[in-house]
Trainee: 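Once you've had a glance at the structure underneath, I'll fire off some questions.
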Amino acid sequence: MANALVDAEWIERENRKGKAALDEDFDALGRQLARRAIDIEAIVERVRGFAVAVPSWGVGTGGTRFARFPGPGEPRTVFEKIDDCATVFRLMRSTPGVSLHIPWDKTDSPGELRAFVRARGLHVDAMNSNTFQDQPGQVHSYKFGSLSHPDPAVRHQAIEHNIECIRIGVALGSRALSVWIGDGGNFPGQMPFRQSLERYLESLRAIYDALPDDWRVFVEHKLYEPAFYSTVNNDWGTSYYVASELGPKALCLVDLGHHAPNVNIEMIVSRLIQVGKLGGFHFNDSMYGDDDLDAGSIKPFQLFLVFNELVDAELSGTSGFAPAYMLDQSHNVTDPLESLMMSVAEVTRAYAQAHLVDRHELADAQQRCDAIGALACLKRAFHTDVSPLVAMARFRDGGAIDPIATYRASGYREQKTRERPAQTSAAAGIV
Ligand code: LRH
Ligand code: MN
């Protein structure tokens, strides 16, 4: 008998089907790791401490500029989005944070929303501003930019919007603002490179000055799109320059999809760690551009190599190292909750595998210029199937051994389809 609530009782009931197999696989992995002088229980505790925030815009069906094909039981309000995020949290246990986007998640009663979020064991992670779309009744258009627009009135409007996001965030208990702008040009000559960067920085300074003491602001670089010739904050170098100019509360956010193909993103991550400006991540995956596909679905080895840098920094006690981990994906053809759960599992897998790297052996191979020795050391960790370890961490926190099977068997989507009338209009666009 299905249980569309996906509550603890349902999860426990479904877990009974897989517990014996989990114990067997976990013990076998434990013996394998013990032969490598690795205590599986120590890694389980690390994994139980790991968290990645889910994007509120990730529980609905995403689209492209061509079309968006809404799925059944789409959430229509921020409250329904939070309900879906809570379902992912009950099954995965490592997603207590929800990242919100304004105005997509704007509500007249932030107090009510805060209580609604807390009642489900969640908290509001970073607030995302939006000056890449025009809202009904907006005075100035962002067609030609926002924080870097040549017209001070447009910049002022965009600054005010970001300050409003901070105000809403304070009311919701958030402590970070994430700023991505699409500002750029489509043709040579359209956007003055130096002046537009200067204007962008000047606008960010006004936003920075409005930050409460315990807040951080993340600046997110992106190579291109929606501008197709030049983008104001197009790479990590520009992001680092801006974050350094702003001050200690400003940090760089790395969206994995915001780089040219074949860029060594794990090296960018290590650079930002080294200069103390790594603020956080938008995890996803891509084949070509900013495809916003599910994390670990296309390049799982790259995701592992990124976490290899992060775990190395964490284990070596890098001061002030506290990156915000978030997903930022567009689920165009899957059940968004299944994509989120699969992606959380892949990110957690990479985090766990990075703990299996024998860092003394690696440093020794690097010192002896033993390229194959070094690669083999990383590959041994990457080729270790840590699924039983990650599932055991979930199980011990009251989550599902097999989240997607438990979710599918619950009839949750069917129930939401009955509760939430299908959306008729499906304008093109990411959400
Ligand atoms: C821009 C971006 C940004 C979000 C948006 C939904 O491509 O990555 O982080 O605001 O996607
Ligand atoms: Mn992003």
Side-chain angles (χ1 to χ4, degrees), residues 52-65 68 78 81 85 97-106 124-135 142 145-148 158 161-162 165 168-169 174 176-184 200 204 207 216-228 231-236 238-239 242 251-260 263 265 268-269 272 278-295 303 306 323-332 336 339-340 343 347 428-431:
V52 56
V54 293
S56 63
W57 60 96
V59 292
T61 300
T64 71
R65 60 184 169 162
R68 189 175 80 86
V78 63
K81 292 178 189 175
C85 293
V98 179
S99 196
L100 298 183
H101 222 298
I102 303 295
W104 299 338
D105 299 322
K106 206 168 177 183
V124 175
D125 201 286
M127 303 294 292
N128 292 263
S129 60
N130 177 343
T131 58
F132 51 86
Q133 295 172 322
D134 287 346
Q135 306 306 324
Y142 293 133
S146 61
L147 297 177
S148 76
H161 165 71
N162 278 276
C165 291
I168 295 171
S174 172
L177 173 70
S178 194
V179 182
W180 170 73
I181 60 169
D183 296 22
Y200 169 57
L204 281 171
I207 296 167
R216 303 187 291 176
V217 60
F218 303 138
V219 288
E220 181 178 359
H221 60 271
K222 182 174 180 178
L223 181 65
Y224 78 101
E225 188 206 42
F228 294 102
T231 291
V232 173
N233 186 356
N234 67 326
D235 65 8
W236 77 275
T238 305
S239 236
V242 165
L251 299 158
C252 304
L253 184 141
V254 178
D255 184 312
L256 299 189
H258 288 187
H259 305 86
V263 161
I265 298 175
I268 292 173
V269 171
L272 288 170
L278 179 67
F281 286 86
H282 279 176
F283 293 116
N284 49 54
D285 213 333
S286 52
M287 191 71 178
Y288 306 104
D290 187 22
D291 311 338
D292 280 339
L293 300 173
D294 297 5
L303 186 62
V306 165
Y325 296 141
M326 295 169 272
L327 295 175
D328 177 8
Q329 300 176 175
S330 181
H331 308 122
N332 304 354
S339 275
L340 286 171
S343 304
V347 168
I430 56 172
V431 291

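In each ligand, atom 1 is the first atom listed, and ligand 1 is the first ligand listed. Only a predicted model underlies this, so the values are computations on that prediction, with no experimental measurement involved.
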Trainee: Using heavy-atom distances, let me know which of Asp328, Asp290, Asn130, Ile181 sits nearest atom 8 (O) of ligand 1.
Mentor: Asp328
Trainee: Using a plain distance cutoff, I'd like to know if Asp255 has any nitrogen or oxygen under 3.5 Å from a nitrogen or oxygen of ligand 1.
Mentor: yes
Trainee: For Trp57 and Asp105, does a side-chain donor sit closer than 3.5 Å to a side-chain acceptor?
Mentor: no
Trainee: N/O/S of His282 less than 2.8 Å from the Mn ion (ligand 2)?
Mentor: yes
Trainee: If the Mn ion (ligand 2) is the vertex, what is the angle to OD2 of Asp328 and OE2 of Glu220, rounded to 10 degrees?
Mentor: 170°
Trainee: Restricting to N, O or S, what is the name of the atom of Asp255 that lies nearest the Mn ion (ligand 2)?
Mentor: OD2
Trainee: Which residue from Met326, Gln329, Lys222 reaches closest to atom 7 (O) of ligand 1 through any of its heavy atoms?
Mentor: Lys222
Trainee: With a 4.0 Å cut-off on heavy atoms, is Glu225 in contact with ligand 1?
Mentor: no
Trainee: Less than 3.5 Å between some nitrogen or oxygen of Trp57 and one of ligand 1, yes or no?
Mentor: no
Trainee: If I compare all heavy atoms of Asn162 with all of Leu177, which pair ends up nearest, and what's the gap?
Mentor: OD1-CD2, 3.8 Å
Trainee: Within the 4.0 Å heavy-atom shell around His282, which atoms of ligand 1 are there?
Mentor: 9 (O)
Trainee: Closest approach of Val269 and Val306, non-hydrogen atoms and distance?
Mentor: CG2-CG1, 4.2 Å
Trainee: Under 3.5 Å, is there a donor-acceptor pair between the side chain of Asp183 and the main chain of Val232?
Mentor: no
Trainee: Determine whether Gln329 and Asp294 make a side-chain contact, defined as any pair of heavy atoms from C-beta on separated by less than 4.5 Å.
Mentor: yes
Trainee: Tell me if the aromatic rings of His221 and Tyr200 count as close, with their centers under 6.0 Å from one another.
Mentor: no
Trainee: Short N/O distance, under 3.5 Å, between Asn128 and ligand 1?
Mentor: no
Trainee: Between Tyr224 and Phe228, how do the two ring planes meet: parallel, tilted or perpendicular, split at 30° and 60°?
Mentor: tilted
Trainee: Among side-chain atoms of Asp290 and Ser286, is any donor-acceptor pair under 3.5 angstrom?
Mentor: no
Trainee: Does any N or O in the side chain of Ser99 come within less than 3.5 Å of the main-chain N or O of Ala126, such that one atom is a donor and the other an acceptor?
Mentor: yes
Trainee: Say whether Glu220, considering both its backbone and side-chain N or O atoms, lies within less than 3.5 Å of an N or O atom on ligand 1.
Mentor: yes
Trainee: Given that the side chain starts at C-beta and the backbone is N, CA, C, O, which of these parts of Asp292 lies under 4.0 Å from ligand 1, counting heavy atoms, or is it both or neither?
Mentor: neither
Trainee: Does the N or O separation between Trp104 and ligand 1 drop below 3.5 Å for any pair?
Mentor: no
